[in-house]
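Reading through the structure tokens given below for one structure.
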Amino acid sequence: MGCATLDLVGAASLKLNTNTHFLRSPKPFLSFVGPIRSRNLNGPSLTFLTCHAHKSLPSVFLRAQSTAAAPEEERVVVLVIGGGGREHALCYALKRSPSCDAIFCAPGNPGISNSGDATCISDLDISDSSAVISFCRKWGVGLVVVGPEAPLVAGLVNDLLKAGIHAFGPSSEAAALEGSKNFMKSLCDKYGIPTAEYQTFTDPSAAKQYIQKQGVPIVVKADGLAAGKGVIVAMTLDEAFEAVDSMLVKGSFGSAGCRVIVEEYLEGEEASFFALVDGENAIPLESAQDHKRVGDGDTGPNTGGMGAYSPAPILTKELQDLVMKSIIYPTVKGMSAEGCKFVGVLYAGLMIEKKSGLPKLIEYNVRFGDPECQVLMVRLESDLAQVLLAACRGQLSEVSLNWSAGSAMVVVMASKGYPGPYEKGSVIRNLDEAENVAPSVKVFHAGTALDPDGNFIAAGGRVLGVTAKGRDLKEACDRAYQGVEEINWPGGFYRRDIGWRALPLPQKQFVTRLN
């Protein structure tokens, strides 16, 4: 294939072909200040990035532009905010977007850097909007994708939009759909969105009286953001009372738990439903199903998610249409009527009620779920950058999404002790071998770091998301668990039954590899 060379002042020469490349140089490292064009008459048309000395960036992700792209589409540089498994999956999908010239991730993680899915900016303070805006202007970022909920609730998108920078995600006002469960419940009441019966309390005695009257099982939720751990499914009165005291008396969740929602226990099957929203229009993503409980058979405490698969057979086409009609569209219209249009991902946690077979809204998240994002991004075949830009511009009515056939599954590997106290620093080996053990296996990093010897080590509760595609769910499951078995991590554990509700046969029992 034709190849062109660009000589850089004070730097090494850069060679690109039609594949993905990274720019690497001796210190001081290089950073780009804007695109320039070059044409090799014997090869593809290329987009290069002019460079100057910048001391904090080890590499820059670049993508060559092929002459096969006709008509020529808009080119974009993307910054992904966050550093977990969700953000790794977003970077992975953006890397495959033909219109994406460069991808940054702040702060990112070593797994993202090591895989070449993005250039990680570990020292960019994502809580400082002015620093993020300055970075975007300096580097020509045309789209910011905000992964975690905290920067959304803090108003990062508001500030980016004021600066004239496209940002995919809701404003701080619209992010209250996740930031305050009471806000979400009030919206459901006002606009007739089906959800569990509830009451909100700040007084522990009143909450306990209500619980006593309603009986158990019952659900106690912290009103604010609690990193996925602020929901207690209480099977006994003692558990319910303890949850109330933990939040309202002991302050275990800080300000997030200064108000609690006591909610009806719904029996049925949980499912995750995602829709892209541009303020007025919404389009559904493919279905996915999470596994919240830490233990096999859906036992033990809730977690941020121990695995997921897509599509979710329980969400039939008819049921998806009903969710859009009864839950998603009323939410989008309600938010617009309340003066805070929602732009971003609506992630509806649903319960398909056993007694009625109908969906009820459990909660909203205002960003891609984790680990559901991992299975969605490996299946997405559309240009993610262009899809998200269309949402930012209110143009989703013109978008249709393409997905790969078959299924995908992710198995989360977590530090022993999670979701309770866990140790950090245990060494993880054989990650490359895991990705090569079977076709279509991808290991997404959620909580890893590097030790002084360059080994990957555990640095969080949920650490890895071993993801695989297959012709059907059984094949995706087999491949994902083959990847898991290949990883040598004595300090980790995982559920052995991800996908059990949808698989026709009992799950194979896998044993964690200890040496």
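Note that these values count all heavy atoms, side chains included, but never hydrogens, waters or copies made by symmetry.
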Any side-chain heavy-atom pair from [X] and [Y] closer than 4.5 angstrom?
| X | Y | answer |
| --- | --- | --- |
| Ile232 | Met247 | yes |
| Pro151 | Ile81 | yes |
| Val427 | Arg429 | yes |
| Met335 | Glu173 | no |
| Phe444 | Val410 | no |
| Ile327 | Pro194 | yes |
| Met413 | Val484 | yes |
| Thr467 | Val441 | no |

Kindly give the heavy-atom pair with the smallest separation between [X] and [Y], and that separation in Å.
| X | Y | value |
| --- | --- | --- |
| Ala391 | Val343 | O-CG1, 3.7 Å |
| Ser172 | Ala154 | CB-C, 4.4 Å |
| Val153 | Gly179 | CG2-CA, 4.2 Å |
| Gln374 | Gly369 | OE1-O, 4.2 Å |
| Gly461 | Tyr418 | CA-CD1, 3.6 Å |
| Phe342 | Ala174 | CD1-CB, 3.9 Å |

(request) Run the numbers on Ile314 and Arg501 for side-chain contact (heavy atoms from CB on, under 4.5 Å), then give the verdict. (result) CA-CA 9 Å; Ile314 190 172; Arg501 291 181 182 274; over 6 Å; no
Keeping [X] on the side-chain end and [Y] on the backbone end, is there a donor-acceptor pair under 3.5 Å?
| X | Y | value |
| --- | --- | --- |
| Arg495 | Val411 | no |
| Asp223 | Val260 | no |
| Ser97 | Cys100 | no |
| Asp453 | Asn455 | no |
| Glu264 | Glu197 | yes |
| Glu475 | Arg471 | yes |
| Ser382 | Asn402 | yes |
| Asp370 | Arg86 | yes |
| Glu435 | Val443 | yes |
| Gln289 | Glu270 | yes |

Once rounded to the nearest 0.5 Å, what's the spacing between atom [atom1] of [X] and atom [atom2] of [Y]?
| X | Y | atom1 | atom2 | value |
| --- | --- | --- | --- | --- |
| Cys477 | Ile498 | SG | CD1 | 9.0 Å |
| Glu486 | Glu433 | CD | CD | 6.5 Å |
| Phe201 | Arg259 | CZ | CZ | 12.5 Å |
| Ser440 | Arg379 | OG | CZ | 12.5 Å |
| Thr331 | Leu177 | OG1 | CG | 7.0 Å |
| Lys208 | Ile211 | NZ | CD1 | 8.5 Å |

(request) Could you check Leu388, Leu160, Leu79, Val80 and say which one makes a side-chain contact (heavy atoms from CB on, under 4.5 Å) with Leu143? (result)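 Of all the options given, the one that passes is Leu388.
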Salt bridge [X]-[Y], side-chain N to carboxylate O under 4.0 Å:
| X | Y | value |
| --- | --- | --- |
| Lys416 | Glu423 | no |
| Arg293 | Asp298 | no |
| Arg96 | Asp117 | no |
| Asp321 | Lys317 | yes |
| Lys181 | Glu363 | no |

(request) Let me see the working for Lys355 and Glu267 under salt bridge (Lys or Arg N to Asp or Glu O under 4.0 Å), right down to the final yes or no. (result) CA-CA 8 Å; Lys355 62 182 179 183; Glu267 187 177 0; over 6 Å; no
(message) Between Lys185 and Thr195, is the side chain to side chain donor-acceptor pair (under 3.5 Å) condition met? List the steps.
(response) CA-CA 8 Å; Lys185 286 288 196 177; Thr195 188; 2.8 Å; yes
(request) Under the side chain to side chain donor-acceptor pair (under 3.5 Å) rule, what do Ser407 and Asp472 come out as? Steps first, then yes or no, please. (result) CA-CA 5 Å; Ser407 298; Asp472 52 30; over 6 Å; no
(request) Flag this pair as yes if the NZ/CZ of Arg479 is under 6.0 angstrom from the six-membered ring centre of Tyr481 and inside a 45 degree cone about the axis; otherwise no. (result)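 The answer is no, since Arg479 fails at least one limit relative to Tyr481.
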(request) Apply side chain to side chain donor-acceptor pair (under 3.5 Å) to the pair Asn109 and His88, showing each step before the final yes or no. (result) CA-CA 8 Å; Asn109 66 51; His88 192 174; 4.8 Å; no
(message) Let's go through Leu358 and Glu353 carefully: what are the C-alpha distance in whole Å and the side-chain angles of both, what is the deciding distance for side-chain contact (heavy atoms from CB on, under 4.5 Å) to 0.1 Å, and is it a yes or a no?
(response) CA-CA 6 Å; Leu358 298 177; Glu353 265 201 296; 5.7 Å; no
Would you kindly say whether [X] and [Y] are connected by a side-chain donor-acceptor distance under 3.5 Å?
| X | Y | result |
| --- | --- | --- |
| Asp290 | Ser272 | no |
| Asn182 | Ser180 | no |
| Asp189 | Tyr198 | yes |

(request) Before giving the answer on side-chain contact (heavy atoms from CB on, under 4.5 Å), spell out for Lys442 and Lys469 the whole-Å C-alpha distance, their side-chain angles and the decisive distance to 0.1 Å. (result) CA-CA 9 Å; Lys442 174 69 176 178; Lys469 292 195 297 181; over 6 Å; no
(message) Is the distance between the ring centroids of Tyr347 and Phe368 under 6.0 Å?
(response)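 When the ring centroids of Phe368 and Tyr347 are compared, they turn out to be at least 6.0 Å apart.
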(request) Walk me through it: do Thr303 and Arg462 pass the test side chain to side chain donor-acceptor pair (under 3.5 Å)? (result) CA-CA 9 Å; Thr303 69; Arg462 293 187 299 164; 5.8 Å; no
(request) Could you walk me through whether Phe493 and Val294 pass the side-chain contact (heavy atoms from CB on, under 4.5 Å) test, one step at a time? (result) CA-CA 10 Å; Phe493 77 99; Val294 71; 3.7 Å; yes
